[in-house]
Amino acid sequence: MPEGHTIYRHAREHNRDLRGHMVRADSPQGRFAAGAALIDGRTLLRAEAVGKHLFHQYDGQVWLHVHLGLYGNWRTGGPAMPAPRGALRLRLWTEQVWWELRGATACEVLTRPEITAIRNRLGPDPLRRNADPERAYTRIARSRAPIAALLMDQSVLAGVGNVYRAELLFRHGIDPYCPGHEVTSEQWSVMWTDLVALMRDGVRRGRIVTTEPAYRRRSRSYVYRRTGEPCLVCGTPVQTQVLLARNLFWCPVCQPHRATVIADRATEIEDGPESGAW
DNA sequence: GGCTTATGCGCAG
DNA sequence: TGCGCCTAAGCCA
């Protein structure tokens, strides 16, 4: 599931497999033929994830930008490369390994200024060590938009998708419709710390798991895609509503309207007997 | 095997 | 606001 943790893993694996190697590239589907021709035969200097964006830097000032969108996916294997199947947008390979890209929203060769422009429009990425949570909070604190919408806005926060959004709000007892400016600095600080831990855990596992161990056998998530099912904590049916064309999931009891209760719940979770697992 | 739904985002209008 | 992307997991038969 391509939220930030997935892209971060891809970048890490591309560095492991391709960095420092002369990389062959083609586009059996033909849609990226010109771009693949530009990459073919160059050495990968570095792969890097920023939010949900993946960048490859090749020698000769050639940059590849990939955004998986909803359907995109990478597959890998090697050394023998299989015959092309389906709409295969891009293949990258060396003597030892191959990578296949299908269904991506964006797959393009860009110039350095274009790469910089993409990076500049992204908010802080919780998976990056130097990320500044205050940059996100500045946007949140001056917005009347629902916090659920702000968390998905990649210019506020980079790498968070629908799953982390829903689960983070549940874990902190926050009503998804709480306006950004009602979220206090203290609350944001706790949420950010939790989000960093959740996303790092996602990188480690290769999947999103947000429930505490006590609930984990019943579900990997508290509310995401659990419409109508009982809330793991209080039993109330999980609610769904479409917000900005995306499904929003929440528990109306555990996520009361606004601030006061939030601190209590966050503490409860952090002090839980199983919290060491994070 | 078929059907439904989905993690995202840019674009048309 | 709704569509296109065109894959894959999860579900049902």
Side-chain angles (χ1 to χ4, degrees), chain A residues 1-11 27-33 35 49-55 64-77 82-91 98-108 110 114-115 117-123 125-127 145-146 148-170 176 195 198-211 218-229 238-250:
Chain A
M1 299 198 174
E3 296 198 18
H5 68 299
T6 306
I7 313 309
Y8 192 91
R9 278 173 74 96
H10 289 147
S27 175
Q29 172 203 46
R31 238 181 96 173
F32 187 57
V50 186
K52 297 166 188 167
H53 299 258
L54 176 72
F55 302 107
L64 171 68
H65 169 233
V66 173
H67 192 296
L68 294 178
L70 191 53
Y71 305 121
N73 81 88
W74 287 100
R75 310 183 110 193
T76 186
R85 276 181 306 95
L88 181 46
R89 184 84 58 87
L90 170 65
R91 285 194 296 194
W98 52 262
W99 280 88
E100 294 183 342
L101 175 67
R102 292 179 171 77
T105 289
C107 173
E108 52 195 355
L110 298 178
E114 289 169 324
I115 297 286
I118 292 173
R119 299 180 63 127
N120 285 347
R121 69 169 195 241
L122 294 173
D125 175 349
L127 286 173
L150 293 165
L151 292 178
M152 290 272 285
D153 182 336
Q154 300 297 299
S155 69
V156 173
L157 201 57
V160 170
N162 208 7
V163 185
Y164 282 124
R165 179 262 294 263
E167 295 297 300
L168 185 70
L169 290 174
F170 178 89
L195 183 58
L198 285 174
M199 292 183 74
R200 282 190 189 154
D201 182 79
V203 172
R204 196 165 57 241
R205 294 175 190 273
R207 75 197 314 179
I208 300 174
V209 178
T210 59
T211 43
R218 290 172 63 196
S219 178
R220 292 195 297 270
S221 56
Y222 285 109
V223 289
Y224 177 71
R225 285 256 263 173
R226 294 192 66 245
T227 312
E229 291 175 50
V238 171
Q239 302 287 300
T240 304
Q241 207 163 353
V242 174
L243 171 68
L244 298 175
R246 306 301 304 279
N247 289 321
L248 176 61
F249 305 88
W250 81 103

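In what follows, chains are A, B, ... by sequence order, proteins preceding strands, each numbered from 1. Model, not experiment: these values are computed from the prediction.
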Atom-pair distance ([atom1] on [X]; [atom2] on [N]), nearest Å:
X: A:Ile208; N: C:dA9; atom1: CD1; atom2: C1'; result: 14 Å
X: A:Glu108; N: B:dC9; atom1: CD; atom2: P; result: 14 Å
X: A:Tyr164; N: B:dG8; atom1: OH; atom2: C1'; result: 16 Å
X: A:Arg225; N: B:dT5; atom1: CZ; atom2: P; result: 9 Å
X: A:Arg207; N: C:dA9; atom1: CZ; atom2: C1'; result: 11 Å
X: A:Glu3; N: B:dC9; atom1: CD; atom2: P; result: 10 Å
X: A:Leu68; N: B:dA6; atom1: CG; atom2: P; result: 19 Å
X: A:His65; N: B:dC9; atom1: NE2; atom2: C1'; result: 11 Å

Which sits closer to the 5' end of DNA chain B, A:Gln154 or A:Asn247, going by the nucleotide each is nearest to?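 The residue whose closest nucleotide sits nearer the 5' end is A:Asn247.
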Would you please confirm or rule out a distance under 4.0 Å between OP1 or OP2 of B:dG8 and any side-chain N or O of A:Asn162?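 A:Asn162 to B:dG8 OP1/OP2: no side-chain N or O under 4.0 Å.
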Using the ring of each side chain (for Trp, its six-membered ring), is [X] parallel, tilted or perpendicular to [Y], with breaks at 30° and 60°?
X: A:Tyr164; Y: A:His5; answer: perpendicular
X: A:Trp74; Y: A:Trp99; answer: perpendicular
X: A:His53; Y: A:His67; answer: perpendicular

Name the nucleic acid region contacted by A:Arg121, choosing base, sugar-phosphate or nothing; use a 4.0 angstrom heavy-atom cut-off, strictly under.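 Answer is sugar-phosphate: A:Arg121 comes under 4.0 Å of backbone atoms only.
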Can you check whether A:Glu100's main-chain N or O pairs, donor with acceptor, with A:Arg75's side chain at less than 3.5 Å?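 Such a contact is absent between A:Arg75 side chain and A:Glu100 backbone.
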Could you tell me how far C:dA8 sits from B:dG10 if I compare only their P atoms? Round to whole Å.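 These two P atoms come out 23 Å apart once rounded.
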Could you tell me how far C:dC5 sits from B:dG13 if I compare only their P atoms? Round to whole Å.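 B:dG13 and C:dC5 have their P atoms separated by 15 Å.
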The contact string for nucleotides 2-7 of chain C, one letter per nucleotide 5' to 3', using protein heavy atoms under 4.0 Å with B, S and - for base, sugar-phosphate only and none, comes out as ---BBB
Can you confirm whether more than 12 heavy atoms, excluding those of A:Tyr8, are under 6.0 Å from its OH atom?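 At most 12 heavy atoms, drawn from other residues, nucleotides or ligands, come within 6.0 Å of this atom.
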Could you tell me whether the side chain of A:Val223 reaches within less than 4.5 Å of the side chain of A:Glu167, counting heavy atoms only?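 Of all side-chain heavy-atom pairs linking A:Val223 with A:Glu167, at least one is under 4.5 Å.
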Check whether any side-chain heavy atom of A:Lys52 sits under 4.5 Å from a side-chain heavy atom of A:Leu68, and report yes or no.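 A:Lys52 vs A:Leu68: side chains apart.
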